[in-house]
Colleague: 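The structure follows.
Convention: sequence-line order gives letters A, B, ...; per-chain numbering from 1.
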There are 2 protein chains.
Amino acid sequence: MVQQDPALALDNQICFALYALNRAVTARYRPLLAELELTYPQYLVMLVLWEHGGDGEPARVSDVGARLRLDSGTLTPLLKRLQARGLLTRQRQANDERVVRLVLTEAGWQLRTLARQVPGRLICGLDVEPQRLIALKQELRSLLVTLENSEPSA
Amino acid sequence: MVQQDPALALDNQICFALYALNRAVTARYRPLLAELELTYPQYLVMLVLWEHGGDGEPARVSDVGARLRLDSGTLTPLLKRLQARGLLTRQRQANDERVVRLVLTEAGWQLRTLARQVPGRLICGLDVEPQRLIALKQELRSLLVTLENSEPSA
DNA sequence: TGGATTCACATTGTGCACAATTAAATTGCT
DNA sequence: AGCAATTTAATTGTGCACAATGTGAATCCA
């Protein structure tokens, strides 16, 4: 039981802290999102589509993928499930049959009203200084940028 | 494209920063762990088993689960894959047939030698102040504790 | 002691993630 | 014009996560 190598101690791995907290936070979202009948990744996709708006050109699958860092292998079936629920339509672009445009339906937009309550309710149940969360978010985002802009060397 | 509700803006969600960074970090580990023919969750399980040591009683499935916050639905197939690779054995405890004890094989222990290089190589390729990572890790761990000790209220 | 409860793990089913491949359409180049 | 290269999604296959349920074993306890 004596750990001989601090470098391999689980509690010393940042990656594990990140992994465990991410799952714990997702678990917090789950009951809230269940009221919207959304999974957590589905919720993120809806955030992107709501943010993209209904005025300009509809978002493409690759737009959503670029925003969330997810590929079509993940998004295609997820989007089909959202479509099956009537939250959006997937239509091939006329002048370029390769691209699929994602258009929110009325139901998709209406879900936004319910979703508005989610962030607040989550923070409430958390009982943590908002400042602390904002600082953490900034740090996480900063590290993400660093990681994405550097080669995955050695 | 104009975001009308800051509360729903993707970039304001801590959860997304956490989710995206976690996947980016896991992606960094992937090529390193591929040399050991381990996935990231498999690597975490091996860390637990190495840490548990070979002197006392072998770890139970539930011990690993408690440490990693994973249930048997995730661990059972994962452990069977590690067993199929010859890294460990799974044996029912004689005096309590409910319990499965996990014993590392010689190959399982030898893999530890290779694994020792992983954390260092990852940090190296990261090019971030170690202090910053340690501080972040502490913050993540602290929040995990807070989350686990509070009710998942509304 | 016997019956209900709890415990430890396994199984089943759904939904991500991601690598690798495929396929169709567009663009670039000469 | 015509062919290669690129772009955009979809498909296939593997491996987590996790809810729900099942199964057998141990425990509680009236």
Side-chain angles (χ1 to χ4, degrees), chain A residues 15-16 18-31 33-34 37-46 57-66 68-85 90-102 152, chain B residues 15-16 18-31 33-34 37-46 57-66 68-85 90-102 152:
Chain A
C15 66
F16 175 62
L18 198 55
Y19 167 82
L21 184 60
N22 179 51
R23 285 191 299 119
V25 168
T26 304
R28 280 299 176 115
Y29 272 92
R30 201 166 294 125
L33 296 180
E37 296 183 82
L38 289 178
T39 65
Y40 180 67
Q42 287 169 6
Y43 172 67
L44 294 180
V45 167
M46 293 302 289
E57 277 200 320
R60 303 176 303 172
V61 173
S62 57
D63 293 333
V64 177
L68 299 179
R69 280 81 168 173
L70 292 173
D71 69 6
S72 72
T74 301
L75 289 175
T76 296
L78 186 155
L79 291 166
K80 285 184 177 174
R81 280 185 284 271
L82 294 181
Q83 179 183 33
R85 276 199 48 205
R90 296 162 58 250
Q91 40 207 26
R92 294 271 168 195
Q93 183 172 307
N95 66 340
D96 188 342
E97 292 281 340
R98 290 172 307 181
V99 336
V100 169
R101 295 284 176 182
L102 304 169
Chain B
C15 66
F16 174 62
L18 197 56
Y19 167 83
L21 184 61
N22 180 50
R23 284 191 300 119
V25 168
T26 304
R28 281 301 176 114
Y29 271 93
R30 200 166 295 122
L33 296 180
E37 296 183 84
L38 288 179
T39 66
Y40 180 66
Q42 286 168 7
Y43 172 67
L44 294 179
V45 167
M46 292 302 289
E57 277 199 321
R60 303 176 304 170
V61 174
S62 57
D63 293 333
V64 177
L68 299 180
R69 281 80 169 172
L70 292 173
D71 68 5
S72 71
T74 300
L75 289 176
T76 297
L78 187 155
L79 291 167
K80 284 183 177 176
R81 281 187 283 271
L82 293 181
Q83 179 182 34
R85 276 199 49 205
R90 296 162 57 250
Q91 42 206 26
R92 293 270 167 198
Q93 181 171 309
N95 65 339
D96 188 340
E97 292 281 340
R98 292 173 304 181
V99 177
V100 170
R101 295 284 176 180
L102 304 169

Colleague: Checking T39(B) now: which residues fulfil side-chain contact (heavy atoms from CB on, under 4.5 Å) with it, not counting sequence neighbours?
Modeller: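 T39(B): side-chain contact (heavy atoms from CB on, under 4.5 Å) contacts with P41(B), Q42(B).
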
Colleague: Taking side-chain contact (heavy atoms from CB on, under 4.5 Å) as the definition, give me every residue that meets it alongside R85(B), ordered by chain and number, with sequence neighbours left out.
Modeller: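 E37(B), L38(B), L87(B).
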
Colleague: From L68(A) CG over to L75(A) CG, what is the distance, rounded to the nearest 0.5 angstrom?
Modeller: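 Taking CG in L68(A) and CG in L75(A), the distance rounds to 7.0 Å.
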
Colleague: More 5' along DNA chain C: L70(A) or V100(B), using each one's nearest nucleotide?
Modeller: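 The residue mapped nearer the 5' terminus is V100(B).
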
Colleague: At a heavy-atom distance below 4.0 Å, which nucleotide of DNA chain C is the first touched by chain B, and which is the last?
Modeller: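 That gives a stretch of dC7(C) to dA19(C).
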
Colleague: State the CG-CG distance between D63(B) and L102(B), to the nearest 0.5 angstrom.
Modeller: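 The distance works out to 8.5 Å.
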
Colleague: Where along residues 71-80 of chain B does a heavy atom fall under 4.0 Å from DNA chain C?
Modeller: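 Going residue by residue through residues 71-80 of chain B, the ones with a heavy atom under 4.0 Å of DNA chain C turn out to be S72(B), G73(B), T76(B), K80(B).
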
Colleague: Going by the rule side chain to side chain donor-acceptor pair (under 3.5 Å), which residues pair with Q83(A) if we only count those two or more places apart in sequence or in a different chain?
Modeller: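 Result, side chain to side chain donor-acceptor pair (under 3.5 Å) vs Q83(A): R90(A).
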
Colleague: Check DNA chain C against residues 92-99 of chain A and give the residues with a non-hydrogen atom under 4.0 Å, in numerical order.
Modeller: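 Going residue by residue through residues 92-99 of chain A, the ones with a heavy atom under 4.0 Å of DNA chain C turn out to be N95(A), D96(A), E97(A), R98(A).
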
Colleague: Go through the structure and list residues passing side chain to side chain donor-acceptor pair (under 3.5 Å) with R101(A), not counting sequence neighbours.
Modeller: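 R101(A) satisfies side chain to side chain donor-acceptor pair (under 3.5 Å) with E57(A), Q93(A) only.
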
Colleague: Do you know the tightest heavy-atom contact between V25(A) and C15(B)?
Modeller: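 Result for this residue pair: CG1-CB, 4.1 Å.
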
Colleague: Quantify the bending of the helix from dT1(C)-dA30(D) to dT30(C)-dA1(D) as the angle between its end axes, each fitted on five pairs, to 10°.
Modeller: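 Here the local axes at opposite ends form an angle of 10°.
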
Colleague: Could you tell me how far apart R60(B) (CZ) and dA25(D) (P) are, to the nearest whole angstrom?
Modeller: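 In whole Å, dA25(D) P lies 18 Å from R60(B) CZ.
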
Colleague: Of all residues at least two apart in sequence or in a different chain, which pass the side chain to side chain donor-acceptor pair (under 3.5 Å) check with R69(B)?
Modeller: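 If we apply the side chain to side chain donor-acceptor pair (under 3.5 Å) test to R69(B), skipping adjacent residues, the hits are E148(B).
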
Colleague: Which residues pass the side chain to side chain donor-acceptor pair (under 3.5 Å) test with N22(A), not counting sequence neighbours?
Modeller: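 In terms of side chain to side chain donor-acceptor pair (under 3.5 Å), with neighbours along the sequence ignored, N22(A) is linked to no residue.
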
Colleague: Excluding sequence neighbours, so at least two apart, what forms ring-ring contact (aromatic ring centres under 6.0 Å, His included) with Y40(B)?
Modeller: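 Per chain and number, Y40(B) pairs via ring-ring contact (aromatic ring centres under 6.0 Å, His included) with Y19(A), Y29(B).
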
Colleague: What is the distance from atom CG of L44(A) to atom CE of M46(A), rounded to the nearest 0.5 Å?
Modeller: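 With rounding to 0.5 Å, CG (L44(A)) is 11.5 Å from CE (M46(A)).
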
Colleague: Could you state the interatomic distance from CZ (R81(A)) to OG1 (T76(A)), rounded to the nearest 0.5 Å?
Modeller: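 Atom-to-atom, R81(A):CZ and T76(A):OG1 are 10.5 Å apart.
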
Colleague: Who passes side-chain contact (heavy atoms from CB on, under 4.5 Å) against S62(B), sequence neighbours left out?
Modeller: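 If we apply the side-chain contact (heavy atoms from CB on, under 4.5 Å) test to S62(B), skipping adjacent residues, the hits are R60(B).
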
